[in-house]
Amino acid sequence: MASRDVSSIILYTAAVRKALKREFYVRDGEIVARELLGKFLVRKIGTKEIAAMITEVELYEGFEDRASHGFKRTKRSEVMYGPGGHWYVYLCYGMYEMLNIVIGPEDHPAAILIRGADTYNGPGKLTRALRIDRTLNAMPASKETGLWIEDRRFAISQKDILRTPRIGIGDAGPKWTKRLHRFLLQQN
DNA sequence: TAAGTGATCTCT
DNA sequence: GAGATCACTTAA
């Protein structure tokens, strides 16, 4: 029966396409940043799902990184001090929602800014296209919240990953301003 | 290159 | 409460 075949295919893809587990995010920031490249950011709007391959991220980690909101523990940055696997969404320049995924264990302030996915270049454009805003702040990255990350097993070669200093952070101190904490997939 | 935009944080 | 700041984008 044709209909039976179709349903078995749906079950199969559902089984393969799982949201990344909490443990994925509770690791060293540079490793998580690298491994996020090539993963799929999936947004569910109504019954429709939009998936976009992550192509660019920036790492903000620890107590000494002045470019990171987590440098100071405030009401806004509190989420970064929580356990990994939650979203941190905030407004920048009065207009743009920035999407970050909190990483690391509890009380370790760290997050990764998702700057680009597929053809959405720039963190502000990305969130606008996927209708991501601050209502998702502090929510877990899981299917229940409508925004999560999946491994679709695209092979990413380490030599295709470029590293540069982060964008637009100003002076974050001698050790941190020029750190190669921006990771992006080389085009082609 | 400059300006728009508004929440957040720091300083009174 | 006031003022500076900000991990951006767009229009010139």
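Quick caveat, the model's predicted, so the values are computed rather than measured. In what follows, chains are A, B, ... by sequence order, proteins preceding strands, each numbered from 1.
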In the structure I gave you, are the side-chain heavy atoms of Glu30(A) and Leu59(A) within less than 4.5 Å of one another anywhere? yes
Does dA7(C) have Tyr60(A) stacked on its base, where the ring centres are within less than 5.5 Å and the planes differ by under 30°? yes
Opposite nucleotide pairing with dT1(B), Watson-Crick or G-U, both atom distances under 3.5 Å: dA11(C)
Any-strand Watson-Crick or G-U partner of dC6(C), both distances under 3.5 Å: dG6(B)
Distance in angstrom units between [X] [atom1] and [N] [atom2], rounded:
X	N	atom1	atom2	result
Leu99(A)	dC8(C)	CG	P	14 Å
Arg73(A)	dT8(B)	CZ	P	18 Å
Arg166(A)	dC6(C)	CZ	P	14 Å
Leu91(A)	dC9(B)	CG	P	12 Å
Tyr88(A)	dC6(C)	OH	P	13 Å
Glu61(A)	dA7(C)	CD	C1'	16 Å
Phe71(A)	dC6(C)	CZ	P	13 Å
Tyr93(A)	dA2(B)	OH	P	15 Å

Quick one: is [X] getting a side-chain N or O under 4.0 Å of the [N] phosphate, OP1 or OP2?
X	N	value
Lys72(A)	dT10(B)	yes
Arg115(A)	dC8(C)	yes
Arg76(A)	dC9(B)	yes
Lys125(A)	dT10(C)	yes

I want to verify a distance call: between dA7(C), dG4(B), dC9(B), whose nearest atom is closest to the His69(A) side chain? dA7(C)
Between dA7(C), dA7(B), dC9(B), which nucleotide has the shortest distance from any of its atoms to the side chain of Thr74(A)? dC9(B)
Touch check for [X], heavy atoms < 4.0 angstrom, all strands: base, sugar-phosphate only, or nothing?
X	result
Met95(A)	base
Arg66(A)	nothing
Ile167(A)	sugar-phosphate

Could you state the interatomic distance from CE (Met98(A)) to CG (Leu113(A)), rounded to the nearest 0.5 Å? 7.0 Å
Measure the CD-CD1 distance between Glu49(A) and Ile45(A) for me, rounded to the nearest 0.5 Å. 10.5 Å
Does Arg27(A) count as lying over the ring of Phe24(A), i.e. NZ or CZ under 6.0 Å from the six-ring centre, within 45 degrees of the axis? yes
Would Arg134(A) and Tyr90(A) count as a cation-pi pair here, with the cationic atom under 6.0 angstrom from the ring centre and within 45° of the axis? no
